[in-house]
Amino acid sequence: MSPYEEVILDHWRNPRNKGRLADPDLVGVEVNPLCGDAVRLELKVAEGKVTDVRFDGEGCAISQAAASLLTELVKGRTLEELRTMGDEELLSALGGVIQTRLNCALLPLRALRRALQNSPA
Ligand code: FES
(Lines give C-alpha, C1' and ligand atoms only; values in the text may rest on other atoms or scores of the structure.)
Protein backbone atom coordinates (compact mmCIF):
# COMPACT_ATOMS: atom_id res chain seq x y z
CA MET A 1 0.00 0.00 0.00
CA SER A 2 1.36 3.46 -0.90
CA PRO A 3 1.77 6.18 1.78
CA TYR A 4 -1.11 8.02 0.08
CA GLU A 5 -3.43 5.00 0.37
CA GLU A 6 -2.44 4.51 4.02
CA VAL A 7 -3.27 8.12 4.92
CA ILE A 8 -6.62 7.97 3.11
CA LEU A 9 -7.58 4.67 4.73
CA ASP A 10 -6.55 5.82 8.20
CA HIS A 11 -8.61 9.04 8.03
CA TRP A 12 -11.51 7.32 6.28
CA ARG A 13 -11.77 4.64 8.97
CA ASN A 14 -11.01 6.95 11.90
CA PRO A 15 -12.13 10.44 10.94
CA ARG A 16 -10.76 13.24 13.14
CA ASN A 17 -12.98 16.10 14.25
CA LYS A 18 -16.09 14.79 12.50
CA GLY A 19 -19.41 16.31 13.51
CA ARG A 20 -20.75 19.76 14.28
CA LEU A 21 -19.77 22.55 16.67
CA ALA A 22 -22.43 23.94 18.99
CA ASP A 23 -21.76 27.54 17.99
CA PRO A 24 -19.31 27.88 15.08
CA ASP A 25 -17.91 31.31 14.17
CA LEU A 26 -17.26 30.42 10.52
CA VAL A 27 -18.91 27.86 8.27
CA GLY A 28 -18.07 26.87 4.71
CA VAL A 29 -19.84 24.32 2.54
CA GLU A 30 -18.68 23.10 -0.83
CA VAL A 31 -20.27 20.63 -3.21
CA ASN A 32 -18.46 18.91 -6.04
CA PRO A 33 -20.81 19.57 -8.97
CA LEU A 34 -19.51 16.51 -10.81
CA CYS A 35 -20.72 14.01 -8.22
CA GLY A 36 -22.78 15.88 -5.62
CA ASP A 37 -20.40 15.03 -2.77
CA ALA A 38 -20.22 17.70 -0.08
CA VAL A 39 -17.97 18.89 2.72
CA ARG A 40 -18.99 21.27 5.49
CA LEU A 41 -16.27 22.87 7.61
CA GLU A 42 -16.98 24.69 10.87
CA LEU A 43 -14.44 26.80 12.76
CA LYS A 44 -14.35 28.28 16.21
CA VAL A 45 -12.06 31.33 16.29
CA ALA A 46 -10.55 33.33 19.14
CA GLU A 47 -8.11 36.23 18.73
CA GLY A 48 -7.65 35.40 15.07
CA LYS A 49 -6.76 31.74 15.68
CA VAL A 50 -8.71 28.55 15.05
CA THR A 51 -9.44 27.04 18.45
CA ASP A 52 -11.72 24.23 17.30
CA VAL A 53 -12.86 22.70 14.05
CA ARG A 54 -15.30 20.08 12.76
CA PHE A 55 -16.14 18.68 9.38
CA ASP A 56 -19.19 16.91 8.12
CA GLY A 57 -20.29 15.64 4.77
CA GLU A 58 -21.14 12.83 2.44
CA GLY A 59 -18.84 11.61 -0.25
CA CYS A 60 -16.02 9.51 -1.51
CA ALA A 61 -13.25 8.26 0.75
CA ILE A 62 -10.75 10.78 -0.61
CA SER A 63 -12.88 13.87 -0.01
CA GLN A 64 -13.86 12.78 3.49
CA ALA A 65 -10.36 11.65 4.46
CA ALA A 66 -8.91 14.92 3.11
CA ALA A 67 -11.46 16.84 5.20
CA SER A 68 -10.41 14.91 8.31
CA LEU A 69 -6.74 15.58 7.61
CA LEU A 70 -7.44 19.26 6.91
CA THR A 71 -9.02 19.70 10.34
CA GLU A 72 -5.70 18.62 11.85
CA LEU A 73 -3.82 21.10 9.68
CA VAL A 74 -5.98 24.12 10.55
CA LYS A 75 -6.29 23.76 14.32
CA GLY A 76 -4.23 26.40 16.10
CA ARG A 77 -3.42 28.32 12.90
CA THR A 78 -4.26 31.97 12.39
CA LEU A 79 -6.90 32.98 9.85
CA GLU A 80 -4.16 34.94 8.10
CA GLU A 81 -2.07 31.78 7.69
CA LEU A 82 -5.08 29.86 6.42
CA ARG A 83 -5.86 32.53 3.82
CA THR A 84 -2.49 31.87 2.23
CA MET A 85 -2.57 28.07 2.60
CA GLY A 86 -1.98 26.58 -0.82
CA ASP A 87 -3.29 23.36 -2.34
CA GLU A 88 0.18 21.86 -2.07
CA GLU A 89 0.17 21.72 1.74
CA LEU A 90 -2.91 19.50 1.87
CA LEU A 91 -1.88 17.42 -1.14
CA SER A 92 1.53 16.81 0.32
CA ALA A 93 0.08 15.89 3.75
CA LEU A 94 -2.08 13.36 1.89
CA GLY A 95 1.07 11.85 0.44
CA GLY A 96 0.48 12.92 -3.14
CA VAL A 97 -2.87 12.61 -4.88
CA ILE A 98 -3.39 11.17 -8.32
CA GLN A 99 -4.33 13.82 -10.86
CA THR A 100 -7.78 12.43 -11.56
CA ARG A 101 -8.80 12.74 -7.89
CA LEU A 102 -7.60 16.31 -7.30
CA ASN A 103 -11.18 17.64 -7.19
CA CYS A 104 -12.02 15.15 -4.44
CA ALA A 105 -8.93 15.94 -2.37
CA LEU A 106 -9.33 19.72 -2.68
CA LEU A 107 -13.07 19.84 -1.91
CA PRO A 108 -12.50 20.44 1.84
CA LEU A 109 -9.93 23.15 1.11
CA ARG A 110 -12.53 24.94 -1.00
CA ALA A 111 -14.94 24.65 1.94
CA LEU A 112 -12.28 26.22 4.17
CA ARG A 113 -11.79 29.09 1.72
CA ARG A 114 -15.53 29.63 1.62
CA ALA A 115 -15.61 29.75 5.44
CA LEU A 116 -12.78 32.31 5.44
CA GLN A 117 -14.73 34.50 3.01
CA ASN A 118 -17.32 34.81 5.76
CA SER A 119 -14.79 36.15 8.25
CA PRO A 120 -14.05 39.79 8.90
CA ALA A 121 -10.82 40.90 7.18
FE1 FES B 1 -17.19 13.14 -5.36
FE2 FES B 1 -14.78 12.43 -4.78
S3 FES B 1 -16.14 11.38 -6.11
S4 FES B 1 -15.75 14.27 -4.22
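Excluded from the calculations below are hydrogen atoms, water molecules and symmetry mates; all remaining heavy atoms, backbone and side chain alike, are included. In listed order, ligands and their atoms are each counted from 1. Not measured: the values here are computed from a predicted model.
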Q: So, for Lys75 and Val53, which heavy atoms are closest and what is the spacing to 0.1 Å?
A: CG-CG1, 4.2 Å

Q: For Pro24 and Lys44, which heavy atoms make the closest approach, and how far apart are they?
A: CA-CD, 4.5 Å

Q: Give, for atom CG of Leu109 and atom CD of Glu89, the distance between the pair rounded to the nearest 0.5 Å.
A: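 Taking CG in Leu109 and CD in Glu89, the distance rounds to 9.0 Å.
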
Q: Is any side-chain N of the basic residue among Asp52 and Arg54 closer than 4.0 Å to the acidic one's carboxylate O?
A: yes

Q: What I want to find out is whether Arg110 reaches Asp87 closely enough, with some N-O distance under 4.0 Å, to be called a salt bridge.
A: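 Asp87 and Arg110: not salt-bridged.
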
Q: So what's near atom 2 (Fe) of ligand 1, protein N, O or S atoms under 2.8 Å?
A: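 Cys60 SG, Cys104 SG, with waters left out.
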
Q: May I ask you to test the Leu43-Asp25 pair for a side-chain heavy-atom distance under 4.5 Å?
A: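 Side chain of Leu43 against side chain of Asp25, heavy atoms only: no contact under 4.5 Å found.
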
